[in-house]
Amino acid sequence: MNPVRVVVVGGGFAAVQFAKTLRSKLRASECDILLFSRENHMVFHPLLADVAGASINADAAAAPLRQMLPGVECRTERVQRIDLSSSEIEFDDGNGALTRLHYDHVVVACGAESNLGIIPGMTDHAFAFKVMRDAIELRQQIVRQMESAEAATDPNLRRWHLSFIIVGAGFSGVEVAGEINELVRSSTRFYRNFHKEDVVVSLVHSQDQILPEVAPKLREFARKKMEKAGITMLLNTRAVAATHEGVELNDGRMLTGATVVCTIGTAISPIVQALDVPKERGRIRTTPEMRIEGQTNAWAIGDCAYIINAFDNKPAAPTGQFAERQGRQAALNVVRILKAEPTQPFRFKALGQLCSIGGYQAVAEMLGVHISGFVAWLLWRGVYLFKLPTWSRRIKVGLDWSWDVLFPRDLSFLNTDTTQQATHAYYRPGDFIHRQGELARVFSIIEEGQVEVLQQNSPTAETKVVAVLGQGDFFGEGALLGNRPHETSIRARSAVRLRQVGSALFSQIASSFTPFRELLVRAVTRGSGDFWRRLPISKAMLEGESIASFLDPLPAQLLTKETTFADAINALNESPTGTLLVLDEKQRLWGTLDRGDLYQIIARIAVTSAETRGDITHLKLSDLLIPNSIYVALEDSALVASAAMLDHAITWLPVVKSKADPRPVGLIRGEKISKRMIERMAQSQPPRAQVAS
């Protein structure tokens, strides 16, 4: 008889405990266990803050799955899909091919993922704190900023390097704030140019108390101790955006700092999202025995599962102690099913909570008893030391902790060359991306939003907007190719997302890829810049002209994102100018549509499979158009509008009420500007002398 095949998807507390328990109850001849995890180790999450704070080595908090689970086949291929109807999983075999594997039972234990995208700019400028890689990268960042602060001559820049912002004051946020504070302040004695009072660690939390999971008395103790250690608490405060400068708060303040750590925001795993099963707030609903509702051989445990705890009839908390018990109980239920015995519901009473707050201090709530201070810190270390999955890890962590008490923390780090990297960046309206005269460091491509190009012709002259760039445009190429400072400033006109390529990587691509370099060279001499050099009188004329004097009325028919393709074609046919505007649900400009766009849409539809596109006449414009990001505001000059049209080889632009209010008020056309300019130039010409006959 072939052994029963059980597939486990995930490598966290729940998955490991399930596989370990099942292997101990069933022999290999009875049950074949396959565990799929992208990482070949299990991360002991309570110790991630210690890794970031350099009090233990990274490998001490990561236990290799193969060594932990003898008798279990551990695989690192990525599971792409679980087909519940056919009892098969589909995974990438590493060579680009998808392989299907049949199972008798499947256990979904893939947990949750970080989702920094809930706050604009966090994905681009903040460190997540979920997996081992996050902790290692954060540790590198902390030491790198101390080295940068040591080299900084400007006191404000030095303070920026030594400012650390942690968003979220749950267990992860409090623990990492305490460890960062301890690492940086205890290391100041090894540096000459800054001291403890220069270090700023800020904890931003949307509620009125930190650590909402523990008793109020312990919360207050933790807050007072952390403030005494030098950590600034910003309670009842939300982060609304993150930029390269720091974090914008909901009260309008800008909290500046070189390092931002975001411990809030989770996302459901794509595997879970793809499952067509009952869900509650994105988590898989299960029966009391932890089988997925409506399934007989599929189980869900851990953070991705919505499990009712029979102890109090409340949803089980997404914490490690619950995940471990769920893994054990689910494994025992699988054994009971194989032996034709009745299953048991999940039932567990939480043992308590432990949280380290830095400085050899902690808070603990164990079996109803509240403990705080140094004793709680000893309890925290003792409990987690013996909860580590193997004796080798316990010995390693114990030695690291002992070393930390006797000797300074390790300040070594790998210095990466940022000029060789491609990154993302987010800027708020009004933020400068670079200023005129600064050295060029990156080549930037606009992924979303709009920027304005500013120029100051002399130190005493007024800085003026000379052009507008939008989605798909790029800048910085001229300064990088010419190895010179920027000749203009770039400022975010709206919220902007950029893809940025470091100067060294840009040079490598430009030198080795001839078509790309030729494109850049043409861009340097393109459009308005070359035009104004050849005809400077036009620039002087247009600078003083307001857009209002050229304004054409709005088209008679305005489209919306929900307008169908068929209705849009009819509207274009009826339009005398062939130019239409597309609005969003708040009547703001969302996009534009003209006959040139129509041909591009048809070309895109032509290369789409019939199954994907369906009936093209019923497709909405939101499915077909790329949102427009080029427009001008009434407050702009005709020079800005002309430059935008020249740079983008277009003949018209929508005009909105203001930069802050993108509701369209009309159109501006190139031919109207050209006519006015020719008339002015003719008037400025002296009369020709008459020749005597």
Side-chain angles (χ1 to χ4, degrees), residues 1-43 63-95 97-111 269 271-272 274-275 277 284 286-287 289-292 294-302 304-305 323-344 346 389-390:
M1 181 177 177
N2 293 328
V4 173
R5 177 178 288 165
V6 178
V7 171
V8 184
V9 182
F13 286 112
V16 168
Q17 193 60 51
F18 176 92
K20 186 176 181 180
T21 303
L22 191 63
R23 182 77 296 155
S24 68
K25 298 297 181 181
L26 298 174
R27 297 187 301 271
S29 59
E30 299 175 291
C31 181
D32 185 16
I33 307 172
L34 284 80
L35 185 143
F36 285 83
S37 172
R38 286 293 298 157
E39 307 289 347
N40 77 335
H41 57 269
M42 187 195 84
V43 177
L65 293 171
R66 297 180 187 280
Q67 295 173 335
M68 289 176 60
L69 300 171
V72 174
E73 184 178 352
C74 299
R75 309 278 290 269
T76 56
E77 296 98 317
R78 184 187 295 275
V79 175
Q80 302 284 1
R81 180 170 169 262
I82 301 174
D83 190 341
L84 297 175
S85 60
S86 64
S87 294
E88 291 180 322
I89 65 166
E90 194 172 70
F91 61 91
D92 185 346
D93 66 358
N95 296 315
L98 291 177
T99 303
R100 295 180 72 89
L101 179 72
H102 179 79
Y103 61 78
D104 295 297
H105 287 269
V106 66
V107 181
V108 185
C110 44
S269 166
I271 298 174
V272 174
L275 282 177
V277 296
I284 301 171
T286 73
T287 62
E289 62 188 0
M290 289 171 288
R291 273 195 270 207
I292 297 174
Q295 304 295 320
T296 58
N297 65 339
W299 308 71
I301 54 178
C304 70
E324 279 192 330
R325 271 69 179 191
Q326 290 166 7
R328 181 181 299 117
Q329 179 68 23
L332 293 175
N333 278 340
V334 170
V335 174
R336 292 185 181 106
I337 288 174
L338 296 178
K339 294 183 177 180
E341 297 175 358
T343 57
Q344 298 293 324
F346 174 71
T390 63

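Numbering of residues begins at 1 and proceeds along the displayed sequence.
- When all heavy atoms of Cys304 and Ala109 are compared, the pair lying nearest together is SG-CA, 4.1 Å.
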Show your working on side chain to side chain contact (heavy atoms under 4.5 Å, CB included) between Leu101 and Leu34 and close with a plain yes or no.
CA-CA 11 Å; Leu101 179 72; Leu34 284 80; 3.7 Å; yes
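- Expressed to the nearest 0.5 Å, how far CG of Leu35 lies from CE of Met68 amounts to 9.5 Å.
- Between Ala15 and Val8, the shortest heavy-atom distance links the atoms CB-CG1, 3.7 Å.
- Considering CG of Asn40 and OG1 of Thr76, their distance stands at 7.0 Å, rounded to 0.5 Å.
- Salt-bridge annotation for Glu77 and Arg75: present, with a side-chain N of the basic residue lying under 4.0 Å from a carboxylate O of the acidic one.
- Considering only heavy atoms from C-beta on, Arg66 stays 4.5 Å or farther from Pro64 through its side chain.
- Of the inter-residue distances, the one linking Phe36 atom CZ with Leu65 atom CG reads 13.0 Å to the nearest 0.5 angstrom.
- The line from NZ of Lys25 to NZ of Lys339 is 8.0 Å long, rounded to the nearest 0.5 Å.
- One distance of note links CD of Glu90 with CD1 of Ile271; it measures 11.5 Å at 0.5 Å rounding.
- Proximity of a side-chain donor or acceptor of Asn297 to a complementary backbone N or O of Val106 within less than 3.5 Å is not detected.
- Side-chain contact check for Phe346 versus Asn333: every heavy-atom pair is 4.5 Å or farther apart.
- Between Thr343 and Glu341 there is no side-chain heavy-atom pair separated by less than 4.5 Å.
- Across Phe18 and Val107, no two heavy atoms sit closer than the pair CZ-CG2, 3.4 Å.
- Considering only heavy atoms from C-beta on, Ile82 comes within 4.5 Å of Tyr103 through its side chain.
- Between Asp104 and Val6, every side-chain heavy-atom pair lies at or beyond the 4.5 Å cut-off.
- Without hydrogens or angle criteria, Glu324 side chain to Phe13 main chain gives no donor-acceptor distance under 3.5 Å.
- Residues Pro342 and Arg336 are not in side-chain contact: their nearest non-hydrogen atoms beyond the backbone lie 4.5 Å or more apart.
- Other residues, nucleotides and ligands contribute over 12 non-hydrogen atoms within 6.0 Å of the CZ atom of Arg100.
- The backbone N or O of Gln344 sits less than 3.5 Å from a side-chain atom of Gln329, completing a donor-acceptor pair.
- Heavy-atom minimum distance, Asp32 versus Pro3: N-CB, 4.1 Å.
- A side-chain donor-acceptor contact under 3.5 Å links Arg23 to the backbone of Leu26.
- Smallest separation of non-hydrogen atoms from Gly327 and Ile301: CA-CD1, 3.8 Å.
- Taking CZ of Arg291 as the reference point, atom OG1 of Thr286 lies at 11.0 Å (rounded to 0.5 Å).
- With Arg81 contributing its side chain and Glu88 its backbone, the two residues share no donor-acceptor pair below 3.5 Å.
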